[in-house]
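Remarks on the structure that follows.
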Number of protein chains: 2
Amino acid sequence: MSRLTRDDIIAGAGRRFASHGYHGTSMRDLGDDLGILGSSIYAHVGGKQELLAAVIDRGAAFFEASAMRAQREGRPADETLAELIAGHVDVVLDHRSEARTYLSETQVLDDEDRKRVSEARDRYESVFVDVITRGQAEGIFPGDRDPRLTAIYVLSILNTIDRWFDEGGRVDRHGLAADIFGFVVDGLGC
Amino acid sequence: MSRLTRDDIIAGAGRRFASHGYHGTSMRDLGDDLGILGSSIYAHVGGKQELLAAVIDRGAAFFEASAMRAQREGRPADETLAELIAGHVDVVLDHRSEARTYLSETQVLDDEDRKRVSEARDRYESVFVDVITRGQAEGIFPGDRDPRLTAIYVLSILNTIDRWFDEGGRVDRHGLAADIFGFVVDGLGC
DNA sequence: CCTACCGATCGGTAGG
DNA sequence: CCTACCGATCGGTAGG
């Protein structure tokens with residue numbers, strides 16, 4: 001049992017914030033999870049709000065990194081969209097706590113942090129909007145659907161996955177990502 | 001300024017629970033919103049948990065009523081699905097507080113209440129699964145997509161609407177419901 | 001619905 | 001990272 005690092009504290013806070021919410025979590029709860037006293041957490045971080053911001057920033061960074069990877073140049077829009085979807089599925093399942101806290105607790109941040117996180121979220125959403133727009137211009141997506149509305153629909157699906165998906169069930173995460181991509185491209189039609 | 005009713009208290013609690021969450025709301029907050037003291041709320045209801053259950057039960061009832069209306073017999077599956085979607089949009093926008101609290105705070109309920117609400121939720125989801133299954137059997141939905149996965153995707157889209165939709169923007173709620181239906185049926189394909 | 005409380009818990013600090 | 005706290009706020013109650 002060596003001493004905890006600041007990263008350990010942030011990881012533990014993420015788990016609690018994701019499952020019980022920021023307001024449903026006390027510093028003593030966090031301490032209990034980590035095997036220390038609530039007051040001992042202040043040796044590692046400035047306070048509860050700082051902990052939340054740290055967790056959420058990590059969540060935002062995972063999504064941003066995934067978008068960067070998917071946006072490699074010279075590929076058709078449908079491939080990029082498929083990789084955006086698969087990457088989002090990976091982030092949500094591999095970094096559940098950070099992703100869920102990022103998706104659900106951003107409103108609790110103070111003005112400055114919330115603004116920064118909202119901008120990151122808007123940038124990420126824009127990547128989806130842009131690839132849909134490009135796919136339509138290139139004729140890969142034959143319809144004339146509104147790209148922003150469609151991007152919101154896709155993200156709504158992706159952002160809820162961790163709430164119901166059972167990894168170990170009949171369909172694995174790659175099958176899930178492929179199924180979502182198929183739904184987005186063809187709906188119930190094919 | 002006449003006296004408040006139990007319904008007033010529940011409505012006020014719904015607004016706060018929807019915007020700040022159950023754990024982010026104190027009885028004094030609720031009192032402030034209603035122009036009374038936090039302790040005065042106990043003249044109308046047994047406690048904070050009872051208030052949450054009352055708000056959530058109202059939310060569940062709106063969705064259930066919408067599903068009943070959409071399920072009138074002798075109609076093709078695509079019409080029923082379109083009405084389910086339009087009804088869900090109406091519930092989410094006409095009863096924002098109750099719907100949002102129902103969708104976001106059910107986990108906070110005690111075991112008995114949470115079980116009852118989860119069952120209501122499963123029944124509602126089944127209505128979507130069944131209409132998709134029927135539409136595929138009737139050939140109205142030509143693909144062979146998994147009905148349960150698809151129902152979850154549709155509900156994920158619908159359950160997020162109140163978070164971003166601007167009533168007064170370029171597209172009204174009927175246009176939104178029609179657009180979602182079109183997306184569900186054809187995806188980016190048409 | 002208010003007055004006047006209650007014990008418990010909250011986020012956080014000083015000093016080691 | 002613990003000991004020993006602090007003032008503030010929490011959900012809730014007795015009595016009117």
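All chains are named by letter (A, B, ...) in the order of the sequence lines, taking the proteins before the strands, and each is independently numbered beginning at 1. Remember, predicted model here, so these are calculated numbers, not experimental data.
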Study note, to complete from the structure: For DNA chain D, the expected dot-bracket line (Watson-Crick or G-U under 3.5 Å, [ ] crossing, | inter-strand) is ||||||||||||||||
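- Across the protein-nucleic acid pair, A:D29 atom CG and C:dT9 atom C1' stand 11 Å apart, rounded to whole Å.
- Judged as a ring-ring contact (aromatic ring centres under 6.0 Å, His included), and not counting sequence neighbours, B:F181 has no contacts.
- No donor-acceptor contact under 3.5 angstrom links the side chains of B:T133 and B:D130, judged on distance only.
- Residues satisfying the salt bridge (charged side-chain N to carboxylate O under 4.0 Å, His left out) criterion with B:R116, sequence neighbours excluded, are B:D57, B:D113.
- Among the protein residues, A:L37 comes within range of the nucleic acid bases, having at least one heavy atom under 4.0 Å from a base atom.
- If you check every strand for non-hydrogen atoms under 4.0 Å, B:L4 touches sugar and phosphate atoms only.
- By the ring-ring contact (aromatic ring centres under 6.0 Å, His included) test, A:Y102 is found to be paired with A:F63, residues two or more places apart in sequence or in another chain being considered.
- Scored by the ring-ring contact (aromatic ring centres under 6.0 Å, His included) test, B:H44 finds no partners at all (sequence neighbours excluded).
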Revision key, fill the gap. Letter by letter from the 5' end, nucleotides 11-16 of chain D scores (B base, S sugar-phosphate only, - none; protein heavy atoms under 4.0 Å) BBB---
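- Side chain to side chain, A:R100 and A:S104 meet the donor-acceptor criterion of an N or O pair below 3.5 Å.
- Cluster membership for A:L155 and A:L93, using ILVMFWY side-chain heavy atoms within less than 4.5 angstrom, is shared.
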